[in-house]
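Please read the structure below before turning to the comments.
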Amino acid sequence: MKLLEELVSIPSPSGNTNEVITYVENFFKQINVDTMRNRKGGLIATIAGEDNQNHRMLTAHVDTLGAIVKEIKPSGRLKLDLIGGFRYNSIEGEYCQIETSAGIIYTGTILMHQTSVHVYKDAGKAERNQDNMEVRIDELVHNADDVRALGIEVGDFVSFDPRVQITQSGFIKSRHLDDKASVAILLQLIKQVKNESIVLPYTTHFLISNNEEIGYGGNSNIPSETVEYLAVDMGAMGDGQSTDEYTVSICVKDASGPYHYELRKRLIQLAKDNDIGYKLDIYPFYGSDASAAIRSGHDIVHGLIGPGIDSSHAFERTHEKSIENTAKLLYHYLQSEMVL
């Protein structure tokens, strides 16, 4: 949970992830795990196994939703273009930071232009969209020239305050639990494998991808020896869903189609054999790094699991029980036989 708190506190919208990748890289160095960066800026860690002819790959992504400066308005406020699949209403009133190309950080608040009810009669009815939402910068600016004098320009990245809290009842609520909850699980799991000197049955790669939210984080750098490819991402909750905040969610199908049937059955059996709480679910408007890998032509057995996340791509929350059950399933999966 502490590791997750640290991860969500590092801004990393898709396209600007070097800081968080460096954090993960240093984590691996401390536990003596070899890594390499790919040209996309993602990170691949590898642990040799008894079988080096057939490999496994697990992936989780550190990139998050965010925004980019689209326009500097004459008023000195900023118009945004969104990064990732979410809605403007989910960031209304959010504190944010703007990072210039020179690395200078400024803070601000994302607001409706028509926020004041004392001025705008229909403030509550106005559409939350690109034209009406803007960033109010916490600096003495009156116009676009003042903003540019700060070094802010079109193309600068905007990240959202995670507002992370861990409650005494075991909940963690924060932005960007998608997918930093799963990254934290993988990092802790790899540390456990090293500390317990566990010999994995197959050489296993761990891809910390950095472009999943825009659709292509995990569809390259997959070694040809890879047989099984498991994405560890969030389980989506809502009406008609079985996923909850206390179990591991095993995805049967998402917008890309069904996941590999035999791998799904193997994950279910591992959960049953080891008394791990799980739910089966379909995510109707969802795609993962595993589905991106399949679409790009890789001949792999693909699966998707993850902790259940409430209010995904908005005000996210999960419970330590869901994180624990996901970690347990992965622990046993890493040491299991392949389905093929």
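In this structure, Tyr333 and Ile305 have side chains that are not in contact, with every pair of non-hydrogen atoms separated by 4.5 Å or more. Contact check for Arg163 versus Glu94: side-chain heavy atoms found under the 4.5 Å cut-off. Residues Asp81 and Gln130 meet the side-chain proximity criterion, which asks for heavy atoms closer than 4.5 Å. Using a 4.5 Å cut-off on side-chain heavy atoms (C-beta onward), Ile31 and Ile190 make contact. Contact of the Tyr259 side chain with the Ser291 side chain is registered, since non-hydrogen atoms from C-beta on lie closer than 4.5 Å. Between His61 and Leu207, every side-chain heavy-atom pair lies at or beyond the 4.5 Å cut-off. Side-chain contact between Tyr106 and Thr100 is present, with heavy atoms from C-beta onward closer than 4.5 Å. A 4.5 Å side-chain heavy-atom check between Leu334 and Leu189 finds at least one atom pair inside the cut-off.
Remark: the backbone N or O of Ala45 is not paired with any side-chain donor or acceptor of His205 at under 3.5 angstrom. In terms of modelled atom types and a separation under 3.5 Å, the side chain of His176 and the main chain of Asp178 share no donor-acceptor contact. Panel note: side chain Asn211, backbone Tyr216; no donor-acceptor pair is recorded below 3.5 Å. The main-chain N or O of Ile172 is never found under 3.5 Å from a side-chain atom of Gln165 such that the two would form a donor-acceptor pair. Between the side chain of Gln335 and the backbone N or O of Tyr331, at least one donor-acceptor pair lies under 3.5 Å. Listed for the Asn16 side chain is no donor-acceptor partner under 3.5 Å among the backbone atoms of Ser12. At distances below 3.5 Å, at least one donor-acceptor pair connects side-chain atoms of Ser9 with backbone N or O atoms of Glu5. Under the 3.5 Å distance criterion, the side-chain polar atoms of Asp122 are left unmatched by any main-chain donor or acceptor of Ala126. Judged purely by atom type and a 3.5 angstrom limit, Thr326 uses its side chain to pair as donor or acceptor with the backbone of Ser322. Counting only distance, with no hydrogens or angles, the side chain of Lys180 and the backbone of Leu7 share a donor-acceptor pair below 3.5 Å.
Crowding of Lys321 atom NZ: a count of heavy atoms from other residues, nucleotides or ligands under 6.0 Å not exceeding 12. By the 6.0 Å contact criterion, OH on Tyr261 is open, its count of non-hydrogen atoms from other residues, nucleotides or ligands being 12 or less. Atom CD of Glu196 has more than 12 neighbouring heavy atoms from other residues, nucleotides or ligands inside a 6.0 Å radius. Taking a 6.0 Å sphere around CZ of Phe315, one finds it holds more than 12 heavy atoms contributed by other residues, nucleotides or ligands. More than 12 non-hydrogen atoms from other residues, nucleotides or ligands lie less than 6.0 angstrom from NZ of Lys73. More than 12 heavy-atom neighbours from other residues, nucleotides or ligands sit within 6.0 angstrom of CZ on Arg148.
Geometric assessment of Lys29 against the ring of Phe27 yields a negative cation-pi assignment under the 6.0 Å and 45° thresholds. A cation-pi arrangement is absent between Arg56 and Phe206 under the rule of less than 6.0 angstrom and at most 45 degrees off the ring axis.
Ring geometry for Tyr246 versus Phe171: interplanar angle over 60°, hence perpendicular rather than tilted (30 to 60°).
Looking at Asp131 and Lys79, a side-chain N of the basic residue comes within less than 4.0 Å of a carboxylate O on the acidic one, giving a salt bridge. A salt bridge links Glu262 and Lys265; the closest N-O separation between the charged side-chain nitrogens and carboxylate oxygens is under 4.0 Å.
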request  = Starting from the C-alpha separation in whole Å, work towards a yes-or-no answer on side-chain contact (heavy atoms from CB on, under 4.5 Å) for Thr203 and Ile47.
outcome  = CA-CA 6 Å; Thr203 293; Ile47 297 178; over 6 Å; no
key: Intermediate values then yes/no, side-chain contact (heavy atoms from CB on, under 4.5 Å), Val69 and Val135   = CA-CA 9 Å; Val69 176; Val135 176; over 6 Å; no
key: Residue pair Glu127, Asn89: steps toward the side-chain contact (heavy atoms from CB on, under 4.5 Å) verdict   = CA-CA 9 Å; Glu127 186 176 354; Asn89 65 287; over 6 Å; no
ask   = Are Ile152 and Leu78 close enough, and set up right, to give a side-chain contact (heavy atoms from CB on, under 4.5 Å), and what steps lead you there?
value = CA-CA 10 Å; Ile152 295 174; Leu78 307 176; 4.2 Å; yes
ask   = Under the salt bridge (Lys or Arg N to Asp or Glu O under 4.0 Å) criterion, do Glu245 and Arg317 qualify, and how do the steps go?
value = CA-CA 8 Å; Glu245 295 175 87; Arg317 190 185 76 166; 2.8 Å; yes
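The CD atom of Glu92 sits 5.0 Å away from atom CE of Met133, with the distance rounded to the nearest 0.5 Å. Distance OG/Ser336 to CG/Leu270: 5.0 Å, rounded to 0.5 Å. The CD1 atom of Ile222 sits 6.0 Å away from atom OG of Ser296, with the distance rounded to the nearest 0.5 Å. Considering CG of Asp156 and CG of Leu80, their distance stands at 11.5 Å, rounded to 0.5 Å.
Following chains of ILVMFWY side-chain contacts shorter than 4.5 Å, one cannot reach Met36 starting from Val24, and the two form parts of different hydrophobic clusters.
Contact detail for Leu329 and Ala271: the closest heavy-atom pair is CD1-N, 4.0 Å. Nearest heavy atom pair, residue Asn32 against residue Lys194, reads O-NZ, 3.3 Å.
The side-chain contact (heavy atoms from CB on, under 4.5 Å) test with Arg37 is passed by exactly one of Asn210, Ile44, Thr22, Ile208: Thr22.
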